[in-house]
Structure formats: C-alpha cells, structure tokens
Amino acid sequence: MDKNTRICIIGGGPAGLSAGMYLEKKGYENYTILERLDRVGGKCWSPHFNGRRYEMGAIMGAPSYYAVHDVEEFCGITHDGPQLSRKYKDQKGHIIEPFDPKKNPLKIPRLLKMKKQVKKFGELLETKYKGYDLNGHRGVAEGRYEGCSQQNADREPVSGENPNLKDLALPFSEFCRINGVELVQDIWVGPFTSFGYGYFDEIPAAYVLKYLDFQTCMNFVKINLWTWKEGTQYIWEQLNEHLKNPARLNSAIEKVERKDGKVYVTVNGEVEEYDKIIVTAPLYIPDKRADGQVGMVDYFDTREDERELFSKIDYERYDVMAIETTKKHHPEISYYVFDNMKRERIGHLMVYYRRWKDSVDQVITTYALRKHKDMPEVPYDVCKTRVLKDLWTMKNPAKKLVNEWSVYYFPHVFSEDYAAGWYDKVEGMQGKYDTFYAGEIMSFGDMDETAEYSRELVERFF
Ligand SMILES: Cc1cc2nc3c(=O)[nH]c(=O)nc-3n(C[C@H](O)[C@H](O)[C@H](O)COP(=O)(O)OP(=O)(O)OC[C@H]3O[C@@H](n4cnc5c(N)ncnc54)[C@H](O)[C@@H]3O)c2cc1C
C-alpha cells in the first residue's frame, strides 16, 4: 500500500492508538485518530481521587503482554504500579481459603483432583490444541491456526492444520467436560467471570483460552502481574503524546460513506476524505444505551454482509462503582467472592479491589455482571442496590458513591455463530469497502489482545 495512504482510525482506545503506533513504525504517517470522548484510553480510565489515580476500567497486565510492552518501550515507561494481592470471602462475608488443603481437610480429594486436571489441561493445550493461543480467531472454526506465536516477544508467524481446534467454539464448560477437566473451571473463573467476561456455560472456549492461555492463567494464580502507578489510562495517554498524530478528541462521527474508492467521514458537521478506515469502535450494539454509544452499523453506509454478520454480536453488561468507606470499614486487601460468580448469583458483587495498600483515603472499586444469554437482564439499579448491600454483608459498607459506569464490555459471538465461521467471514471482509475491523470483537476484550490484533492487522494489510 502507498505510504501516503490517508487512513482514518475510529477510536482512541488501546486498539486505535496502537494501530497508529504500528502504522507509524511501518512508515505510514498520514493517519488520523478520531475519538468521541474528551480523553483517550477507552476502557482504560483512571480518574483522580485525593491526589492519586484509581481504576474504573482496566487494572492489570501480565508478562505476556508483548504489545503493551511495545507501547511501553515506544514511550519509555514501565509498569510501576502497586502490587496486587487478594483474599477470598463467601457470599455471607466470611473469609475463606478455598485452595488451602490445611484449611479444608474435607476438600482434599477435590483439591488433589483439581491439581491433576490443571496439569493435564496444560498438556492438552500444548498438544491436542496446538495453535489455540494465537491472537484473533482466524481459521479456528475450520480447524486451522494462523497468526503469530504468543510464546515470546518475537511473535513469529505460525500456521497449520489442527481439526481439534474446532472444539474451541463450544462453551468453555462443555469444552472442559469433553476433555475430562471440569475442575479447572475453579481456577479459570477468577480472572474470567469476575472480570466481566461472562459465564462458562455461555462463552465459547476460544475467548477464554486466547485470553487465559495456560501461561497467563498461571501468572494470575501466582499474582505475577503488572499494574501502573498512574493507571492503565496513562499507558495510552503517553502513547498519544508520543504519536506524530495524536488523537483528535471530541470527534463525534455523524456519518461514514464509502464510494469510488474513497471514505467520506462527517465529523462535527465537516466532511473529511480518506482512502481507508480502521474501525476500533463498537461494530454493533443491540440495545439503546444510556451513554449514547451506538455501533458502526448505525452511522456507516452499512452493507448487507456487514449488517448480517455484525448483528450477531452481543456484549456484557459489566458494572463498576468506585466507593469511599469509613476508615474503620476500609478493606485491608482486595476480595474475590466465588459464590457470586455463579449464574444463580447474577447481579451480585464478584470482586472488590483495594488499589492502595498504604492509605484508607482512597476509593475501592466493585464489579458485577448482570446479563446471561439465557436469563432476563438484571436492571442497572437493582444490581447497584444488590452490590451496595453485599458490601454491608462483607463488612465493608460504602460511605459514599464516588463514580459509577455500566460498560459496553467484551463484545463476542456465541457458539453457534462461532462454529459457523463468523470470524473467517469477517476476516474475509477485511479491506473490502476500504474498511478494516479491529478492536475487542476481533480478538478479545483486554488491552493486549486488542493492541496485538492492531499490530497484526497493520502487518497483514498495510
Ligand atoms: C472494568 C474493566 C476492567 C478491565 N480490566 C482489564 C485488565 O485488568 N486488563 C486488561 O488487559 N484489560 C482490562 N479491561 C479491558 C480493556 O480495557 C479493553 O479490552 C480495552 O480497553 C479495549 O481496547 P479497544 O481500543 O478495543 O476499546 P476501548 O477501550 O473501548 O476503546 C474504544 C474507543 O473508541 C471510542 N469510540 C467509540 N465509538 C466511537 C465513535 N463513534 N467515534 C469515535 N470514537 C468512538 C471510545 O470512546 C473509546 O475511547 C477492563 C475493562 C473494564 C471496563
């Protein structure tokens, strides 16, 4: 492609900003990033409170976050944030130690079995499911793998046939069942369901395992994780500052028309002309959202194939609150409540995060899910009331609500569409209509998978 190609990027979150960085590294400098909000970072949102930053969105990374590491190197920053730590409570607020055999003598047989299954799972993933952990979903439904190895920072291109990969379309609970490793769900659920990514009986195994590949999951278990002192938003603020063309904020896109090999974007009433467009913003939002966000199908001259495929996308309703407690009620550590990660306890508090160890004048953040594909959605206010009540039960009641949002979170498709080759169809449309699709739906809803997808997209098409 001509290095002077005029490229419009929609969205100033991790996917859009890293697309800018990788384009720039490859010699494309004629790109424009349009962001609808007055800040960059997207779901990496780190507001200030009492002189420090807390996290309303993304919190942590892992040593396998190679694309995020590319950004750190580009900007000369590092992961310098507070060490993560955690304990566990049951739904009644009692402290428990679910993985300690000494504290659970009756559970020893189950814990031993789980340990064995985790080992077996690691081996199966390496052998039977070779190629499972590549970024994105190309070929999976057809039993192929194609992409870049995520085993180390070199990310060498790899490809091959592996018919077993088709199993990844199954819901994760079913995937574990057919492989005789049901108990590994006790480990994987912590960094999956409580982090807002849905329930194992509804979400295809591909999403679970591309994010929580064996190594990354073990990093969660050992708390070998990264955080950033100024918050995850800082990573993307820094990247934005280091780009030749920083994102244009407050850019409300009213219309996009693609005709005669050009892309016409109407922004704040003005029409701008480009050659190509990369969409990292939501492709489809099935309901009317209070924050006014809409999918690309609502403001593009959407074609039939785009509408047909994108209308299969659903997303999680994941609610985050930042609350102040009294000094007396401030938790001494972050807590996970496994009881509340079951679908029967939808809309309850699953985790609360205490970021700063040395101070009680900071907020804690709470996390709840309120949607499952086969159940009625829990209304926002009902969920909020439940979570505040749960905090009382946990003996860490809120004194004041400081911040709250209901996030457009983790867009995905369900098993049937995954198995029917949804991803290969969308991948086959990359570049058609001078449009490229990136962001969370194309890989997974975390900082690194989205940034890595942008890297590979630039490698493949530009
Ligand atoms: C509570 C929470 C906790 C999380 N924890 C973690 C974690 O610990 N680790 C991790 O790696 N990830 C975590 N994530 C996920 C991570 O933040 C996202 O996956 C990542 O930010 C996705 O990047 P993106 O650029 O694809 O999308 P986004 O971050 O959503 O960015 C998209 C951008 O596009 C903009 N936009 C939307 N529509 C338009 C439009 N029409 N025109 C212009 N701009 C538009 C949006 O305003 C936004 O800035 C968490 C997210 C949340 C909400």
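All values below were derived from every heavy atom in this structure, side-chain atoms included, with hydrogens, water molecules and symmetry-related copies excluded. Since this is a predicted model, take the numbers as computed values, not measurements. In each ligand, atom 1 is the first atom listed, and ligand 1 is the first ligand listed.
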*Heavy-atom contacts with Y318 under 4.0 Å: which atoms of ligand 1 show up? List them by number with element.*
1 (C)
*Assess the pair H137 and Y418: is the distance between their ring centroids shorter than 6.0 Å?*
yes
*Of all the atoms in ligand 1, which lie at a distance below 4.0 Å from a heavy atom belonging to Y299?*
40 (C), 41 (N)
*Under the side-chain hydrogen bond (donor to acceptor under 3.5 Å, both in side chains) test, which residues partner E202, sequence neighbours left out?*
none
*Under 4.0 Å from ligand 1, counting heavy atoms only, is it the side chain of L34, its backbone, both or neither?*
backbone
*Centroid-to-centroid, F200 to F192, below 6.0 Å?*
yes
*Looking at ligand 1, does any of its N/O atoms fall within less than 3.5 Å of an N/O of I10?*
no
*Passing candidate, side chain to side chain donor-acceptor pair (under 3.5 Å) with E72, options W228, W226, Y65*: W228
_Regarding atom 5 (N) of ligand 1: of the candidates A438, P191, A58, which has the closest heavy atom?_
A58
*Between F462 and F436, is the ring centre distance below 6.0 Å?*
yes
*Say whether M296 and ligand 1 are in contact under the criterion: heavy-atom distance to a ligand atom below 4.0 Å.*
no
*State whether the shortest distance between N or O atoms of Y65 and N or O atoms of ligand 1 falls below 3.5 angstrom.*
yes
*Looking only at N/O atoms, are M60 and ligand 1 under 3.5 Å apart anywhere?*
yes
*Compute whether any side-chain donor of one residue and acceptor of the other, for R289 and Y315, lie under 3.5 angstrom apart.*
yes
*Atoms in ligand 1 with a heavy atom of L37 nearer than 4.0 Å*: 47 (O)
*Give yes if a backbone or side-chain nitrogen or oxygen of I253 is under 3.5 Å from a nitrogen or oxygen of ligand 1, and no if not.*
no
*Could you point out which residue of E272, E35, E270 forms a salt bridge (charged side-chain N to carboxylate O under 4.0 Å, His left out) with R248?*
E272
_Please tell me whether F444 and Y197 form a close aromatic pair, meaning their ring centres lie under 6.0 Å apart._
yes
*Using non-hydrogen atoms of the residue, decide whether F444 is closer than 4.0 angstrom to ligand 1.*
no
*If we only count N/O pairs under 3.5 Å, is Y409 in contact with ligand 1?*
no
*Evaluating non-hydrogen atoms only, which member of R36, M447, K43, R39 is closest to atom 29 (O) of ligand 1?*
K43
*Among protein heavy atoms, which lies nearest atom 37 (C) of ligand 1, and at what distance?*
A281 CB, 3.6 Å
*For I59, atoms of ligand 1 separated by under 4.0 Å from a heavy atom*: 5 (N), 6 (C), 7 (C), 8 (O)
